Structure formats: C-alpha cells, structure tokens
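None of these values were measured; they are calculated from a predicted model.
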Amino acid sequence: MARNIGSRYTTHQILGRGSAGTVWLGEGPEGPVAVKLLREDLASDQELVGRFVQERTALLGLDHPRVVKVRDLVVDGNDLALVMDLVRGTDLRTRLDRERRLAPEAAVAIVADVADALAAAHAAGIVHRDVKPENILLDMEGPLGPGGAHPALLTDFGVAKLIDTPGRTKATRIIGTPDYLAPEIVEGLPPRAAVDIYALATVLYELLAGFTPFGGGHPGAVLRRHVTETVVPLPGIPEELWQLVVQCLAKAPASRLRASELATRLKDVLPLLKGIPPLDVDEPDAEPAPEAHEEDAYATGTGAREPGPRRAAVPLVPGASADSNRDTHTSMRVPAPDELSGGPLGTARAPRSAGARRPGSARHKAGVVRKRRITLTIAAVVVAGALGAGGYLAVSGDAETPPQDSKQSSLP
C-alpha cells in the first residue's frame, strides 16, 4: 500500500524490519530509494527529533562509494525517516546465514570495503557505533572483487546515535549489539572511532570462523568476555592476517589501527589469501543461562541440557522473535566493576575439547554444585558412620569394660 513520506517520497513495499523502524522501497524525484521509517515512539520524542535535525548536515555530507548515501532526512508530523540510496542486493548477515563462513580472500575484501567507508566517516567526525553484518550491504549489481566478493557498502550511519539521546538512555546504559561492542563501551566510556574498528574486526573474525569471538549465551556474559577474555586463535590463515585481527581486537582503543590503516593493510594481505578455502573451525558450544529448575536437575544428575546453536547476536528478551534483518540497537545496564571481574584481564579463552566446560560458565557451575553435593553426601555418610561406630563402642565399653587390673595385666 502506497504511503507518502513528506512531499517528495512515496513508499510501496517493505524491504525489512528492525528494532529502530522499517525499511521501505520508495520512489523519489530522482528514482527508486530506500526509506527507513523510524518507529512512532521515536518520532514523537521531541528531543530525538531535534538531534535528528542537527545530524542532517553531517549525514547528508557523507559521500563515499562504500557508504550507502543518505539523500534526505524527513520530519513530517509523526513521520521521521532517512531516505537512502537503494542498493540492489542483500545484507552480509543473509549471506552468512546461507554459507556460515566465507573464504578468507572474500571475507577480507568485504571488510576492506567497510574499512574504507569507516575511514571516510571518521574523517568527517562521524562514528557509526553499530557495525555488524546486518548493516553491511552487498551490491549484487556491482563488479566482483577478490574471491568473488560483491562490493560492500556500510549503511545505517547515525541511527544508533539518534536513538541514544540523553532523554532516552542514561549514563548507565549502553547502545549497540552485544557481540560487537568494544570493551570501552561496556565500561561506560564515550564511543570514539576505535569502537568501529573493534566491531569491524569482530565481523572479520565471524566471516572467517562462522561465529563471533566473544558471543554466545546470556548478553551479560558476552559483555564480560569483551572486557576479560582474549580472542581464540584461528588456524589456517596467514600470520599477517591474524595479527591484524588481534591488533584491532585489542582491549585498549589506542592499540587498534585507524580505519585507513586497516583498509591498506587488508588490501596488502589479499594476495596471500588466494585459493585458501573456508576455515574448518569447531564452533564453541552455546552456554545459555539455565532456569533454576534446570540447574537443579543438571546438578543432581536427574536431567541434562543439550547446548543450542550459537548465534551471532543474542536476544535480550527470552523467547522474542528476531527481526527480519536483525537490526538490534540494544540498551543494557553497564556492568559494575565487580561484575566484570569474572577472570583476570588478558586471560585467553582456549579452545575446548568436546564436552569440556569453561570455568565460570553455567554448565561448569552446575557441575561444581553437583560435585559439592556429592562430596557433602559422602562426608555426611562418613560422619554418620563414625558416630554410629563411636556410639556402638561407647555402649559396648559401658557394658563390657574389663576390670582395671585385668586390663593392665594384658599389657606387655
């Protein structure tokens, strides 16, 4: 059903839905466009509308071949919309869902494109703040690059910042998608350009491995891992590429490369990746937080849980259905320092053999509880036996105590 957006645009059909709004196929004075119509509750927030207008000049001025260009920002009654170039293709999440992981050459070519986009944005003073596969579009009509990769474009600039208004979120809240959040965001520091580099390195790791380096399980556990754990090595890729990943996933923002440096280094590595097939990497088990009755059953040996598949993004509301494009701008409480001290800083999360449990995980804790209960039970049996034996000896001694002199005569 056609709908007018302002006086210049008309929407025709939905292309995708997200937590921030709905993307429509639209028509404008210069032809087809994509219109991201933000939710009504966002459009009714006057503070957000004010920031929306303030960001207009910066977003309209961001013009780069690897950025989905924002053509217009519309404020009209209850409508708040970003009008963008229409990209004929799909997003990177869709390709990952289909292929699980990419050959290193294609993965690096895609990430190099996004690094170019970030370099242009950072030079203009714009931080994306929500780099993830859902916000990376693949232009199916563009020329194929190294490894057969379609040109990649970064979209949704400004959306996370628009939603993160002072009146909508507090200093103890964070905006972003858990799997891709830089440690400094988890710790409550303001987002700088380095957060985009960390998120993009996480995307690269995911393209190579098929899963994110710190994802899986409860969102709080994901956030803690970003701060306390180091990334698990990926076998089968050149050392030069691995060092780039490690450097850009550094806990300290100052240790990461700048976007322009990352783009150059990735392009330099591309010739080394020709012909390398997708990696064969074992995916760690998911570790969902158990319900109380499930943990009791697991701890007592009366039941067991099968680990579910590990997803790249974790839902914040149990049982909630995922958006069609998994556009998740989450708002979570910043963990206190003691909540982040789940392990010493810099402790690596080593690959685990099948069935092994990571210390501190829900399954590990359940196993500890089970062992503790068994130990206590054995101790109780031993104590009871000792008491029983002692009681028997005491009773026997009272009834059959030999005379003192006969007891002494038996000694040597």
Side-chain angles (χ1 to χ4, degrees), residues 11-28 31-38 64-71 81-118 121 128 130-160 177 179-180 196 199-200 202-212 215 266 278 309-313 315 321-329:
T11 59
H12 301 291
Q13 68 182 66
I14 294 177
L15 297 177
R17 297 181 187 273
S19 62
T22 305
V23 180
W24 292 75
L25 172 63
E27 190 75 24
V33 292
V35 179
K36 181 149 193 169
L37 190 64
L38 300 188
H64 188 273
R66 294 294 171 251
V67 173
V68 179
K69 182 172 178 54
V70 177
R71 294 189 181 185
L82 290 89
V83 180
M84 303 172 287
D85 283 346
L86 179 65
V87 178
R88 302 287 184 178
T90 186
D91 61 43
L92 186 55
R93 171 63 61 206
T94 300
R95 181 171 179 183
L96 267 177
D97 286 343
R98 183 176 66 248
E99 301 179 28
R100 188 180 180 190
R101 58 177 66 98
L102 307 185
E105 187 179 14
V108 168
I110 289 171
V111 172
D113 283 350
V114 180
D116 278 334
L118 288 175
H128 190 286
D130 199 23
V131 176
K132 58 185 178 182
E134 289 81 355
N135 287 335
I136 298 172
L137 304 184
L138 303 178
D139 182 5
M140 298 302 181
E141 295 184 344
L144 295 180
H150 293 281
L153 294 86
L154 188 57
T155 189
D156 260 11
F157 274 96
V159 173
T177 308
D179 281 34
Y180 309 92
D196 288 342
L200 184 56
T202 301
V203 171
L204 176 55
Y205 188 102
E206 183 178 10
L207 295 179
L208 296 170
F211 51 88
T212 55
L266 287 172
R310 179 162 163 183
R311 300 290 296 182
S321 58
D323 295 324
S324 60
N325 66 351
R326 295 175 67 188
D327 177 14
T328 50
H329 297 283

CD1-CG distance between Ile110 and Leu153, expressed to the nearest 0.5 angstrom: 11.5 Å

Decide yes or no for Tyr205 and Thr212: does some side-chain heavy atom of the first lie under 4.5 Å from some side-chain heavy atom of the second? no

Is there side-chain contact between Met84 and Lys69, with heavy atoms separated by less than 4.5 Å? no

Between Arg95 and Asp97, does any NZ, NE, NH1 or NH2 come within less than 4.0 Å of an OD or OE carboxylate oxygen? no

Measure the shortest side-chain to side-chain distance between Val131 and Asp196 over non-hydrogen atoms and say whether it is less than 4.5 angstrom. yes

Using side chain to side chain contact (heavy atoms under 4.5 Å, CB included) as the criterion, point out the one residue from Thr202, Val108, Leu92 that pairs with Leu207. Leu92

Measure the shortest side-chain to side-chain distance between Leu208 and Pro104 over non-hydrogen atoms and say whether it is less than 4.5 angstrom. yes

Rounded distance [0.5 Å steps], NE2 in His12 versus CG in Leu25: 6.5 Å

Taking every heavy atom of Pro146 against every heavy atom of Ala109, the minimum-distance pair comes out as O-CB, 3.7 Å

Which atom names give the shortest non-hydrogen contact between Ala106 and Gly147, and what distance separates them? CB-O, 3.7 Å

Non-neighbouring partners of Asp85 that pass salt bridge (charged side-chain N to carboxylate O under 4.0 Å, His left out), sequence neighbours left out: Arg71

Enter the distance from Leu82:CG to Leu38:CG here, rounded to the nearest 0.5 Å. 6.0 Å

So, for Ala117 and Val67, which heavy atoms are closest and what is the spacing to 0.1 Å? CB-CG2, 3.7 Å

Give a yes or no on whether a salt bridge exists between Arg93 and Glu206, defined as a side-chain N under 4.0 angstrom from a carboxylate O. yes

The side chain to side chain contact (heavy atoms under 4.5 Å, CB included) partner of Leu118 among His128, His64, Arg66 is His128

Under a 4.0 Å threshold between the charged nitrogen and the carboxylate oxygen, would Lys36 count as salt-bridged to Asp156? yes

If I take atom CG from residue Leu86 and atom CG from residue Leu15, how far apart are they, to the nearest 0.5 angstrom? 7.0 Å

Would you please name every residue forming a side-chain hydrogen bond (donor to acceptor under 3.5 Å, both in side chains) with Arg88, sequence neighbours left out? none

Would Val111 and Asp113 count as a side-chain contact (heavy atoms from CB on, under 4.5 Å) here? Give the steps. CA-CA 5 Å; Val111 172; Asp113 283 350; over 6 Å; no

What I'd like to find out is whether the side chain of Asn135 reaches to under 4.5 Å of the side chain of Asp91, using heavy atoms alone. no

Residues Leu138 and Ala152: closest non-hydrogen pair is CD2-CB, 4.1 Å

To the nearest 0.5 angstrom, please state how far the OG1 atom of Thr155 sits from the CD1 atom of Ile136. 10.5 Å

Value rounded to 0.5 Å, distance of OG1 in Thr90 from NE2 in His150: 10.0 Å

Using a 4.5 Å cut-off on heavy atoms from C-beta on, say whether the side chain of Val35 contacts that of Val23. no

Side chain proximity check, Leu96 to Glu99, heavy atoms < 4.5 angstrom: no

Do Val203 and Tyr180 come close enough that some side-chain heavy atom pair is under 4.5 Å? yes

Do side-chain atoms of Arg101 reach the backbone of Ala209 as a donor and acceptor pair under 3.5 angstrom? yes

